[in-house]
Structures are given as C-alpha cells and as structure tokens.
Amino acid sequence: MTNIKQKIREQITCAVTAAIKKAGYDAVSFTVETPRERTNGDFSANAAMALAKIAKKPPFLLADELKEHISVDERYIERVEVARPGFINFYLNNEWLYEVLLLTEKLNDSYGKSNIGEGARVMVEFVSANPTGLMHMGNARGGALGDSIARILAFSGFEVTKEFYLNDSGNQIEKFALSLEARYLQLCGIDAPFDEEWYQGDDIKDRAAEFLKLHGDKYSGMPAEKRREALVKFGLEKNINIMKKTLSDYRIDYDVWFRESALYESGEVEETLKLLQEKGYAYQKEGALWFKSSDDDEKDEVLVRANGVPTYFAADIAYHRNKFENRGYDKVIDVWGADHHGHVARMKYAMEALGINPNKLEVVLMQLVRLMRGGEAARMSKRSGKAITLDVLLDEIGIDAARFFFNMRNAGSHFDFDLELAVQQSNSNPVFYVQYAHARICSIIRLLAEDEILVPPYSGIDAALLKDDAEFNLLRKISELPDEVSAAAQTLEPSRLTRYATELATEFHSFYNACRVNVESRKLCDARLKLIDATRITLANVLKLIAVDAPEKM
RNA sequence: GCGCCUGUAGCUCAGUAGGAUAGAGCAACUGCCUUCUAAGCAGUAGGUCAGGAGUUCGAAUCUCUUCAGGCGCGCCA
C-alpha cells in the first residue's frame, strides 16, 4: 500500500457498492471524493445521485436507503450521514491520518511514487531549440516543463527517455552558414555584406571570432562552400556544447541527443516519403511533393520543395516514425510552443497515414512566455539577437526560482514574465516560502539532535497525542501527495506540484506557529518530531520532482 | 475569412473526468517575535466566474451563441 487515501476510497467504494446490491439496485458508477467543507465529512459518495436517474427516486431518499445497508464495521469509519441533495458522507476516526506517518517512514524518498505507468516506455521530447543560437525564455519554460514531466512520469512507473531533437540541417543551417561566413570575413577585414534576414546576435560574432582564433584567416581565400562547411561544423558543435552545459546547469540531462541529419544519412526521410506516396497520402504538384491533409478545409502541406529539398515537416514525420517504429515507444510526448499548434493535427494524421496509432503521440502545447520589462511587452526575437538568454536568466534569478516559477502555471496559460520584477523580487519569490519550510524543519531536527532527541520510529510514538487542528491539517495534506503526483502524471501538469508544495508549506508554517515541537512532554515532542519529519520527506519528494533544491539551512 | 487557445477578486492565477457556501498568492488594512529561523503566522476586506440561452437533482466546468484578447493558416521551422 502506497496511498492511504486511495485505500480508504476503495474501502468506501466497496461498502457502497455492496449497499447498492443489498438494497436491490443495479450497479452504478459513482465517485468517492473529499468534500471541500470538512463539516461534510472526510469522504463523500455521490452514489445516490447517480442512482436517482435509474431508480427514479429522489436522491435524498435513496441515500437514506443506502445508508441503512452500509456496514459500519470498517476500521476507519466512525459514522455515516446523509446530506442535502443526496450525498452519503463518511466521517472517519483519526487512525487513517496517523498511518500516514508510518507510510512516509516506510517509503521515505519513494513516498508519492506509484506504478500507474506499469512500465510503459515513454519518450519526452522537449526544448529541441535550434542549434543556430542561444536558448531563450521560451526554451526556459519548455525545459522546466518537459523535464518535470519526465521526472513525474518516471516516479509514476513509466520507463522514461528524455530526448533533444537537433535541427542540424535545412534552411536555418544555411542561414547560419551565411551569417557565420559574413562575420568571419568581416573579421578578416573583408567588407562582406550582412543580410537583415540573417542571425544578427552577438553569439554569431563570438563563434566567428573563435573560429578565426583557431584557424586564422586561411579560410577567407578558400571556396565559399568549403568555408561555410567548416564554419557550420565548428559553430554547430560549439553551440551544442553550450546548450548542453546550460541545460545541465538547469538540471536537465538528456538521455538522447537526436540529430535531424541522421534521418537523412540513414535514408529514413526518403523511405518515409516513399511510403507516404505508396499509401496514397502524397502527390506531385507543380514540381513539389505534397502531403494530403485529412479534410478539405485544411490546406495540403509541402513535403519536398520543387528544388528537391525536403521540408522540416518531412523530416519531422520521419523522426516520429523513427520514435515509434525503430525504437518502439509506447507513448511519445512532445512539448511544443503554442505557435506550433497548427502542426499537431497534421503530425497525428501523418502517423495515422503510416499505420501508427495517433493517440500514442501526445503534444503538450505550452503558451509562449511574454517577456515584460516593467509592464511593457518586449518582443523576443532570436534573429535580432535581443532575446534574454537562458544563461542570463539563470544567472539573475537562480535555478531554483526559474524551475519553480516556470512550473507555477498550467502549460496552456499565458505567462507574462517581468524581468525587472523577477530580479528585484528575489526575496518575495514563492520558491523561498517552500524552501524555508523545509529549512525550518531541518533546523528543528538538528537542534533536537544536539540534545540527543532523534526522530523516533513510528512504533515508538503515541500518534494519538497529535490532536491539534494544525496537526490534522498537516497530516491531511501529507496524505494527498500520492494523489497529486498521479494527477500530475495523468494531466502532464507539473504546476499541480508547485501548488501542492506551496499548500504543504502553508500547513507547516501554520503548525509551526500553533505548536512547538520542543516541549516538556517527551512523548508529545516525539510525536511532533515524527510529524515534521514526515513533512520534510514529503516536501523533499515533491521538490525533487520539479528539480528544486530542498535546503537544510537558509 | 477559417481553425486552436484564453476570459474567475485591484493584479497574477487555481478550481481535481459536472457536486455542497467559488479558492490561493501578491497588493491593502489590523494584530503577533524574552520561546525550535518573522524569508513566518492569525485576522479583515475584496466576485454578476466576460454577456446571453440551453442540458439536469446540481454548471465556473458540458452544448449553442455573442463579445474581447492571443496564436496559427509559407515550397519557414
């Protein structure tokens, strides 16, 4: 057993199901949930309301009837009551809450873990920033989101692979080459023109300068093709290494860095295009190869340009085919910016065309980050080079704050990130509130340990001494972790966990102000010490899932 | 024009596969440090859930519609 709440829900479901049967009604599906108002009990079943339609009786009467058939000899159930529209409310004794202390002791850093994934192999592909430049705020959000999703899924029994897709071929590489070449030639004292459409950022100048330092100006006299090839090879590797370093600093370590160029080298792009044509999903028109869209309203998409060069879309289809067919993932999650949403239906349809179940592909659309400067929207553009880079961001607000901040809101909601505010706000940042709770707990444990009062085993405490409201609230919140993690895994929303962490911290801070741990009575001290240690374990586990540090001192 | 997303307290956002009296954090106001970290706590105030209609025991949640904002609709990625 790894989830107390679930265990009780199952018991109640059983009891109510049995009651429905005993009362002579057909089985009906209903839910057991936690009422928001505690006066409505610890758990509540809506079976009578669900049954009302079939039984054609008022829910309130049905609830009364069912209540008579519920056996209350269950260990935790104290009493059962029927409330207004027809809820059957269960009031429990405190034993179940105390058991959470045993559970956290037994499971420790596994508390919250589940096996809902049943070992399914899932790939999470995220960030996948163009290697032509530095990473920006959008990548920062995508990184925090994707990595946390991967951690949550791994904790929930999935076998997870984290992957970065490197777009190391195609148009933007051409542009990258031309940009580097111009900067290099300029550094060699040659008056090379620079197109406005090229990458204007300083990082391009940096790469060119580094290249110059390494090779001198010997490439200035070589054929352009050879020069560009060398520059791109150099610039790409350099940029990729910078990205790896930055992401690693951001606590993101990928299992696989997958190169787009590999799909061309292996012939998979060509093969996939051939397959699409054979199956009748692609056709020639005006010299180009087109992908037939699923319905007439939608426009068809070009796979291979008239000049013979495949589009990004073609490579992406081959890439996703590779994920499923070559590597056999049960599920693939892509984290994309919301500006790519038009791509989702097409990609799923392409999978269908290739005979792959499109439901195995799940795309998490993330609203782009809108960068604000003191209330004024600042447009981010990689081309103009004016974007705030991930490096600068991490430097200014810290890794913990960034990881926490970018996971505070649902992926689908817009996110205004005010840089000026974030910088000056460092002490009112919500992440400190949560970390402070953890540090406070560690501090108490540390001080008591100096007096040789150590966290006792569950078997050594009298849990019934914990009877303050603040203590119950804290226990109750701790008991919610497994549900929260599972919900985060199912909805792919790590933001649930930042909220949960904040709520747990709130309950702890309230407890801290209401109850002292270091009290005269050794028995009460032991029980409270056990309680805060369970809180510490729970906080540490949830923070680990979003990769935020749980400091022992602040 | 067509499609997707968003609209909840002054601001930023939650709201759990319809559930009970719509929540939190900032900001505002009033209190709490001789006691384990005040980066904290307790309390007050703040709402036509964008508007309208429908579905039913019951709607912020589902359907339809209007309005407002964002994004997409390239032989770009």
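Chain A is the first sequence line, chain B the second, and so forth, proteins listed ahead of strands; every chain is numbered from 1. None of these values were measured; they are calculated from a predicted model.
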Strand partner of B:C33, provided both Watson-Crick or wobble distances fall under 3.5 Å: none
Does any part of the side chain of A:Arg446, heavy atoms only, come nearer than 4.5 Å to the side chain of A:Glu552, both counted from C-beta? yes
With a 4.0 Å cut-off on heavy atoms, is A:Ala306 in touch with a base, just the backbone sugar-phosphate, or nothing at all? base
By salt bridge (charged side-chain N to carboxylate O under 4.0 Å, His left out), A:Glu81 pairs with (sequence neighbours left out) A:Arg79
Nearest of B:C75, B:G19, B:G72 to any side-chain atom of A:Phe87? B:G19
For A:Ala52, which contact category applies under a 4.0 Å heavy-atom criterion: base, sugar-phosphate, or nothing? nothing
Please determine if a side-chain N or O atom of A:Arg440 lies less than 4.0 Å away from the OP1 or OP2 oxygen of B:C41. no
Does A:Ser413 put a side-chain nitrogen or oxygen below 4.0 Å from OP1 or OP2 of B:A14? yes
I need the CD-P distance between A:Glu197 and B:C76, as an integer number of Å. 12 Å
If you look only at pairs with a residue in residues 471-494 of chain A, which of them pass as a ring-ring contact (aromatic ring centres under 6.0 Å, His included), with sequence neighbours excluded? none
Can you label the angle between the A:Trp257 ring and the A:Phe164 ring as parallel, tilted or perpendicular, going by 30° and 60°? parallel
In residues 28-42 of chain A, which residues come under 4.0 Å of RNA chain B by heavy atom? A:Pro35, A:Arg36, A:Asn40
Kindly say whether, by distance alone, the side chain of A:Asn46 makes a donor-acceptor pair under 3.5 Å with the base of B:A20? no
Distance check, rounded to the nearest 0.5 Å: A:Arg321 atom CZ versus A:Ile317 atom CD1? 11.0 Å
Just N and O in the side chain of A:Lys299: are any of them under 4.0 Å from OP1 or OP2 of B:G74? yes
Measure from the side chain of A:Asn171, starting at C-beta and using heavy atoms only, and say which of B:U37, B:U21, B:C76 lies closest. B:C76
For A:Asn89 and for A:Gly287, find the nucleotide of RNA chain B with the closest heavy atom, then tell me which residue's nucleotide is more 5'. A:Asn89
Have a look at A:Gln367 and say if it touches a base, only the backbone sugar-phosphate, or nothing, with a 4.0 Å heavy-atom cut-off. sugar-phosphate
Identified pairing partner of B:G25, criterion: Watson-Crick or G-U wobble below 3.5 Å: B:C11
Nearest heavy atom decides the nucleotide; on that basis, is A:Leu365 or A:Glu286 closer to the 5' end of RNA chain B? A:Leu365
Touch check for A:Ala345, heavy atoms < 4.0 angstrom, all strands: base, sugar-phosphate only, or nothing? nothing
If you define the side chain from C-beta out and look only at heavy atoms, does anything of A:Phe291 sit under 4.5 Å from A:Asp300? no
Taking ring-ring contact (aromatic ring centres under 6.0 Å, His included) as the cut-off, I'd like each qualifying pair that reaches into residues 26-45 of chain A, sequence neighbours left out, listed once. A:Phe43-A:Trp96
Under a plain distance cut-off of 3.5 Å, with no hydrogens placed, do A:Ser44 and A:Asn89 share a side-chain donor-acceptor pair? yes
Polar pair under 3.5 Å, donor/acceptor by atom type, side chain A:His341, base B:G3: yes
Can you tell me how far C1' in B:U8 sits from the matching atom in B:G69, rounded to whole Å? 16 Å
How far does the C1' atom of B:G40 sit from the matching atom of B:U35, given to the nearest Å? 15 Å
Using the C1' atoms only, state how far B:C75 lies from B:G15, rounded to an integer number of Å. 46 Å
Less than 3.5 Å apart, any donor N or O on the side chain of A:Tyr165 or A:Lys323 sitting next to an acceptor on the other? no
The nucleotide from B:C41, B:C75, B:U37 with an atom nearest the side chain of A:Ala439 is B:U37
Could you check whether A:Arg496 pairs with A:Glu484 (Lys NZ or Arg NE/NH1/NH2 to Asp/Glu carboxylate O, under 4.0 Å)? yes
Kindly state whether the ring of A:Tyr433 and the ring of A:His509 have centres lying under 6.0 angstrom apart. yes
When rounded to whole Å, the CZ to P distance for the pair A:Phe405 and B:G25 reads 16 Å
Any base atoms under 4.0 Å from A:Asn410, or only sugar-phosphate, or nothing? Heavy atoms, all strands. sugar-phosphate
Cation over ring face, A:Lys175 and A:Tyr199, 6.0 Å, 45°: yes
Carboxylate-amine/guanidinium proximity below 4.0 Å for A:Asp168 and A:Arg259: yes
What's A:Tyr436 touching, base or sugar-phosphate or nothing? Going by heavy atoms closer than 4.0 Å. base
Which parts of residues 442-456 of chain A get close to RNA chain B, meaning a heavy atom less than 4.0 angstrom away? A:Ser443, A:Ile444, A:Leu447
Residues of residues 491-525 of chain A with any non-hydrogen atom less than 4.0 angstrom from an atom of RNA chain B: list those, numerically ordered, please. A:Arg499, A:His509, A:Ser510, A:Tyr512, A:Asn513, A:Cys515, A:Arg516, A:Val517, A:Asn518
Separation of the C1' atoms in B:A17 and B:A27, to the nearest angstrom: 36 Å
